[in-house]
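The structure that follows is given in the form of structure tokens.
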Amino acid sequence: GAALAPLAHKPPPHLRSLALIDIPDVPLDAILRGCNLRVLLLRGPFAASSVEAIGRSRDLEVLKLALEPMLSQEPFLRLFAACSRLKVIDIYGATDVTDRILECLMRRVPKLEDFCGCHRGSHMSYTHALSPGTIDAFMTHFAGARRLFIDNMLLDSVL
């Protein structure tokens, strides 16, 4: 993370793609403040505030996240509400996909072409549920997408 400090103090405005893999203590908020990313790939220990900071990248088109630990849905709802130009989203290892996340994407991300997510049932409550009806609506809404993959591990474990 310390090696990225100069980038955090004066992020290059022309920076369009960023991949950070298993780097601790990344000043992501400061880095994102000064550039206009189109592609962001993150793997590692990032806080909810970092996910929310991604929402400043209004022109973001590709987002692939694998977070340890996984986060709740709330920062993702704010992120997706802010980044309406997203085309590729992979949050399989970042959060539980829920009805609320899929509904937010249907309302706010009209050009989605590729989606990958998973529902593990980590939070057992109505607001963290994933229903077959919402999955069907999502698949129908984005019928022209290249790939839509939702791994409903909780449903699969019941069957």
Side-chain angles (χ1 to χ4, degrees), residues 1-125 127-128 130 138 142 145-154:
L4 296 171
L7 188 60
H9 293 322
K10 189 169 170 60
H14 57 276
L15 183 65
R16 297 292 178 254
S17 298
L18 182 62
L20 298 171
I21 310 298
D22 296 332
I23 301 173
D25 304 320
V26 173
L28 190 61
D29 188 29
I31 293 170
L32 295 176
R33 192 174 297 128
C35 58
N36 191 15
L37 290 179
R38 299 276 193 307
V39 177
L40 181 60
L41 313 172
L42 298 178
R43 184 179 80 193
F46 291 92
S49 60
S50 294
V51 172
E52 289 180 24
I54 297 168
R56 290 194 192 100
S57 300
R58 305 282 183 187
D59 292 332
L60 195 64
E61 295 177 1
V62 176
L63 176 66
K64 295 185 177 189
L65 302 175
L67 307 177
E68 186 61 40
M70 290 179 47
L71 300 175
S72 70
Q73 69 180 345
E74 285 73 19
F76 292 91
L77 294 170
R78 289 186 279 282
L79 164 64
F80 297 144
C83 294
S84 62
R85 294 184 179 174
L86 282 164
K87 294 179 182 176
V88 176
I89 299 171
D90 184 341
I91 55 171
Y92 191 96
T95 190
D96 263 348
V97 172
T98 64
D99 287 347
R100 289 181 62 203
I101 286 178
L102 297 182
E103 290 162 358
C104 179
L105 291 171
M106 287 187 282
R107 279 192 315 271
R108 305 301 291 258
V109 182
K111 296 180 182 178
L112 189 64
E113 298 172 2
D114 187 315
F115 179 82
C116 182
C118 182
H119 180 76
R120 292 166 188 80
S122 302
H123 301 90
M124 299 305 290
S125 74
T127 59
H128 292 89
L130 180 62
F138 182 79
F142 292 112
R146 285 190 318 251
R147 179 180 75 130
L148 300 173
F149 177 74
I150 300 169
D151 188 359
N152 193 345
M153 296 173 94
L154 185 63

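No experiment lies behind these values; they were computed from the predicted model shown.
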Please find the pair of heavy atoms, one from Leu112 and one from Val88, that lie closest to each other, and give the distance.
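So the minimum-distance heavy-atom pair works out to CD1-N, 4.5 Å.
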
How far apart are the closest heavy atoms of Ala82 and Gly55, and which atoms are they?
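Shortest heavy-atom separation between Ala82 and Gly55 comes out as CB-O, 3.6 Å.
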
Is Leu67 close to Val51 at the side-chain level, that is, under 4.5 Å between some pair of heavy atoms?
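Val51 vs Leu67: side chains touch.
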
To the nearest 0.5 Å, tell me how far Leu40 CG sits from Leu79 CG.
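Here the rounded value is 9.0 Å.
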
Sort out for me which residue in Leu32, Ile31, Val62 forms a side-chain contact (heavy atoms from CB on, under 4.5 Å) with Leu37.
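For Leu37, the side-chain contact (heavy atoms from CB on, under 4.5 Å) check succeeds only for Leu32.
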
Sort and list the pairs that fulfil ring pair (Phe, Tyr, Trp, His ring centres under 6.0 Å) and have at least one residue in residues 94-117, not counting sequence neighbours.
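Sorted pair list: Phe115-Phe138.
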
Do the side chain of Asp96 and the main chain of Arg120 share a donor and acceptor less than 3.5 angstrom apart?
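Yes, because the side chain of Asp96 sits within donor-acceptor range (under 3.5 Å) of the backbone of Arg120.
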
Any side-chain heavy atom of Leu102 sitting closer than 4.5 Å to one from Ile150?
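Yes, close enough: below the 4.5 Å cut-off.
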
Look up atom NE2 in His119 and atom CD in Gln73, then write down how far apart they are to the nearest 0.5 Å.
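Nearest 0.5 Å value for the NE2-CD distance: 10.0 Å.
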
State, yes or no, whether a side-chain contact exists between Phe142 and Glu113 at a heavy-atom distance under 4.5 Å.
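No, side chains not in contact.
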
Just by distance, do the side chain of Asp59 and the backbone of Arg38 share a donor-acceptor pair under 3.5 Å?
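Checked: no pair found.
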
Interatomic spacing from CG in Leu41 to CG in Leu65 - rounded to 0.5 Å
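Answer for the CG-CG pair, Leu41 versus Leu65, is 8.5 Å.
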
In Å, rounded to the nearest 0.5 Å, how long is the span from CD1 of Ile91 to CG of Leu105?
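The distance works out to 7.0 Å.
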
Start with the C-alpha distance between Glu61 and Leu86, add both sets of side-chain angles, then the distance that settles side-chain contact (heavy atoms from CB on, under 4.5 Å), and finish with yes or no.
CA-CA 4 Å; Glu61 295 177 1; Leu86 282 164; 5.8 Å; no

With side-chain hydrogen bond (donor to acceptor under 3.5 Å, both in side chains) as the rule and sequence neighbours excluded, what pairs involving residues 40-52 come up?
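side-chain hydrogen bond (donor to acceptor under 3.5 Å, both in side chains) check on residues 40-52 returns Asp22-Arg43, Glu52-Arg78.
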
State whether the number of non-hydrogen atoms from other residues, nucleotides or ligands found under 6.0 Å of Arg85 atom CZ is greater than 12.
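Open.
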
Considering non-hydrogen atoms only, spot the tightest contact between Pro110 and Ser84 and give its length.
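Minimum heavy-atom contact is CD-O, 3.5 Å.
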
Give the minimum heavy-atom separation between Gly93 and Met70, together with the two atoms involved.
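Residues Gly93 and Met70, closest heavy atoms: O-CG, 3.7 Å.
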
Are Ile54 and Phe46 packed together at the side-chain level, in the sense that at least one heavy-atom pair is separated by less than 4.5 angstrom?
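Sidechains of Phe46 and Ile54: no contact.
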
Contact summary for Tyr92 and Asp90, nearest pair of heavy atoms:
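Heavy-atom minimum between the residues: N-OD1, 3.1 Å.
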
CD/Glu103 to OG1/Thr98 distance, rounded to the nearest 0.5 angstrom?
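Between atom CD of Glu103 and atom OG1 of Thr98 there are 8.0 Å.
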
Quick one: CG on Asn36 to CG on Leu60, what's the gap to the nearest 0.5 Å?
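Nearest 0.5 Å value for the CG-CG distance: 9.0 Å.
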
Do Ile101 and Leu77 have side-chain heavy atoms sitting under 4.5 Å apart?
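Yes, their side chains come closer than 4.5 Å.
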
Test log, rule side-chain contact (heavy atoms from CB on, under 4.5 Å), inputs Leu20 and Leu28:
CA-CA 10 Å; Leu20 298 171; Leu28 190 61; 4.1 Å; yes

